[in-house]
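Note sheet for the following structure.
We name chains A, B, ... by the order of the sequence lines, and we start the count at 1 in each one.
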There are 2 protein chains.
Amino acid sequence: MTMSDVARHAGVSRTTVSFVLNDKPGAAIPEETRRRILEAIDELGYRPNAGARALAANRSGWFGLITEIVTGPFATEVITGAQSRAWGDRRFLLIAASEGDPAQEAAALDQMLEHRVEGLLYATSWHRAVTLPKAAREVPTVLVNCYDAEGELPCILPDEVSGGYKATRRLLDAGHTRIGFINLDPAIPAAIGRREGYERALREAGITPDPSLVVPGWATADSAYTAACELLDRPAGDRPTALFCGNDRMAMGAYDAIKERGLRIPHDVAVVGFDNQELIAAYLRPKLTTLALPFEAMGTKGIDMLAALAAGQPLDTRQVTIDCPLLERSSV
Amino acid sequence: MTMSDVARHAGVSRTTVSFVLNDKPGAAIPEETRRRILEAIDELGYRPNAGARALAANRSGWFGLITEIVTGPFATEVITGAQSRAWGDRRFLLIAASEGDPAQEAAALDQMLEHRVEGLLYATSWHRAVTLPKAAREVPTVLVNCYDAEGELPCILPDEVSGGYKATRRLLDAGHTRIGFINLDPAIPAAIGRREGYERALREAGITPDPSLVVPGWATADSAYTAACELLDRPAGDRPTALFCGNDRMAMGAYDAIKERGLRIPHDVAVVGFDNQELIAAYLRPKLTTLALPFEAMGTKGIDMLAALAAGQPLDTRQVTIDCPLLERSSV
DNA sequence: ACACGGAAGTAACGCGCGTTATTAAAGCGC
DNA sequence: GCGCTTTAATAACGCGCGTTACTTCCGTGT
């Protein structure tokens, strides 16, 4: 089923069919002819061949998306965001997972370039610096949830500082003044940014941050459990009445420590998590108030930036940050 | 950068380059010529154009994958499985989400057909019957985690019966004889199959299934909490010493009911979940022993079947079931 | 009557590549 | 020296489509 078949069936030339299909401006097609052609298309069940069209028009319509892992909530949200924006624009996503393996990453990139992607999105599962294979320079590239170690490629990052600020602010607003912070590995950008926000919120409220209330953890429930025990076992008047946790899994560990001590959430101890891992946050009892990493928004924004770059437009900003929304549930 | 450029640079014809690139059998290419060509490719940084190649060879290399939701663990695992198998075979996945909307589903299907996918995978988030748009018949199609209401399309399903059997068997082996079963909605295939397996295991152990030990739930932690309370509040000697839950979220609710009563897991009450939702199962305390739905395996199997169909080979079975592996953790 | 401009439609080229049919050269036996 | 096979390489066609340049036809004004 090709365009020629349609043309023959409608008694016109293939060119005319093409004009109709593409609403070619400047082509004068009488209503009657157009109708005949559309009818023929319908009767024959003709579908344009996207590949051939791409070849002739020299526009593949593809964007590439490379993530470390396809599994896991982060990637799926980025994919969802990018996907919805792309399809709406009749563009398509070639998705690949590097599985953290540079060889696979290079192979994926090769395939994408062979498919003539018009842009590339590179997303990581956690906020950090990355270095891309040189081949990535051959095509407009935008980093998602990571930034170029060489500082050249544009990137989209979550606003960690504002996230830490909002979490802390929420607890302050609920009347808490001794707020424990079970942070992530203190060396990573997320931990640094959130701590900055945490401290700023405290200072704004006239509270001098107490470093002993900040305990580093290692992103696991167990490590957070230990950290929470340490904080909760401080002498009564000095014990924090609220815990801000580096992620939801850690909040899970904190919950256990709190419950074990016969304390109640949120009455005795309030908890705020981070990441909004639905499966945890929405099913913990009580449900967890947490901040969401805006993966989906970063995905759509990524496609927007790529579309602009692919169209040759310059970028207004080389680094955009996206807000982490606070999701109110029942733990504050 | 086209093949002609390479040919010119190597001092041969485009045809020869093509032969080298495709290892054309029957084409006699002296080592020296081949070397010159490969060198030219390297120097020019030439990459074949996948689209043009597909057009000429009349093999798109694409498979389509339609899921209801991209977000959520099920889809990502199917994608991972399909993806890895497909890329290994130099085939690619055009992924779309229907979001449960028939219009979007039809649109996605249209796009896939325009991209001349050589096969279609259709996956659902939960085991049930589906009816596909007629257009799906235009291309080899395999259903994943669902089956054709009209019974025509081949499908891949989790072995629910064996799953229920294995869960129950595991608890029996641990010495339990009164095993409560907090099931899913009793009308769905998963609930029916697992109950069948549950009862078979009991009978094999010489135990007559007690219907009052089977409580339906609604796939939420709350509903399972209620159900678990009901079972745990039976008189002492009649209380189940183990709970088999319809999914991990429900196990989460059961955990709460158990802990509330001062009972310990697994000493007083053992728990087995279903679905292996990592974020829950691996971070509950104690970690949850559960059965995994073999989404990834179903994805790879799906690609295998599509590859066979696309190659014109007949299928040995129209319905294949895949085992649900038991993941031992600490709740039994 | 003629030139002219616009409407309607088409032939023909090229996108980058796979593939077939064909040619040119080289090797070989006699 | 001549036919014949093998080796090495290429010209040419087609995949399905976008696009440009061109043709034909008709109505209008003078």
Side-chain angles (χ1 to χ4, degrees), chain A residues 1-38 40-41 44-62 90 110-118 138, chain B residues 1-38 40-41 44-62 90 110-118 138:
Chain A
M1 241 349 93
T2 78
M3 243 173 70
S4 302
D5 297 321
V6 174
R8 204 171 310 123
H9 195 266
V12 296
S13 78
R14 201 179 55 68
T15 306
T16 308
V17 177
S18 174
F19 285 172
V20 167
L21 275 174
N22 298 333
D23 273 331
K24 193 104 216 284
I29 314 276
E31 209 38 59
E32 153 68 10
T33 308
R34 162 180 262 95
R35 197 190 46 71
R36 265 203 345 265
I37 293 177
L38 293 178
I41 289 177
L44 298 181
Y46 164 77
R47 296 173 196 284
N49 181 320
R53 174 178 286 194
L55 181 58
N58 193 25
R59 280 185 69 255
S60 72
W62 289 100
R90 305 203 87 219
D110 268 351
Q111 288 301 334
M112 306 214 154
L113 292 173
E114 293 195 5
H115 280 280
R116 299 296 187 265
V117 295
E118 299 171 32
E138 293 180 24
Chain B
M1 241 348 94
T2 78
M3 243 173 68
S4 302
D5 297 321
V6 175
R8 203 171 309 123
H9 196 266
V12 296
S13 78
R14 201 181 53 68
T15 305
T16 307
V17 177
S18 174
F19 285 173
V20 168
L21 275 173
N22 298 335
D23 273 330
K24 193 100 215 285
I29 314 278
E31 208 40 57
E32 154 68 10
T33 308
R34 160 179 264 96
R35 198 191 46 70
R36 266 203 345 265
I37 292 177
L38 293 177
I41 289 177
L44 298 180
Y46 164 77
R47 296 175 197 284
N49 181 320
R53 172 178 288 194
L55 182 58
N58 193 26
R59 279 185 71 255
S60 73
W62 289 100
R90 303 204 89 218
D110 268 352
Q111 288 301 334
M112 304 213 155
L113 293 174
E114 292 195 6
H115 280 280
R116 298 296 187 266
V117 295
E118 298 171 34
E138 294 180 25

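The NE2-P distance, from B/His115 to D/dC15, rounds to 21 Å in whole Å. We find that CD of B/Glu31 is positioned 11 Å from P of D/dA8, with the value rounded to whole Å. Rounding to whole angstrom units, CD of residue A/Glu32 and C1' of C/dG9 are separated by 14 Å.
For D/dT10, one of the phosphate oxygens OP1 or OP2 lies less than 4.0 angstrom from a side-chain nitrogen or oxygen of B/Thr16. Distances shown here put a side-chain N or O of A/Thr33 below 4.0 Å from the OP1 or OP2 atom of C/dG9.
We find the CD-CZ distance between B/Glu114 and B/Arg116 to be 7.5 Å, quoted to the nearest 0.5 Å. Distance check: B/Asn49 CG to A/His115 NE2 gives 9.5 Å after rounding to the nearest 0.5 Å.
Within the 4.5 Å cutoff, side-chain heavy atoms of B/Leu21 are placed close to those of B/Ile41. Within the 4.5 Å cutoff, the side chain of A/Asp5 has heavy atoms near those of the A/Arg8 side chain.
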I'd like to compare against my own output: the B/S/- annotation of nucleotides 16-23 of chain C with a strict under-4.0 Å heavy-atom distance to protein. BBBBB---

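Under a 3.5 Å cut-off, the side chain of A/Arg36 and the backbone N or O of A/Ala10 do form a donor-acceptor pair.
Among residues two or more places apart in sequence or in another chain, the side chain to side chain donor-acceptor pair (under 3.5 Å) test is passed with B/Arg59 by none.
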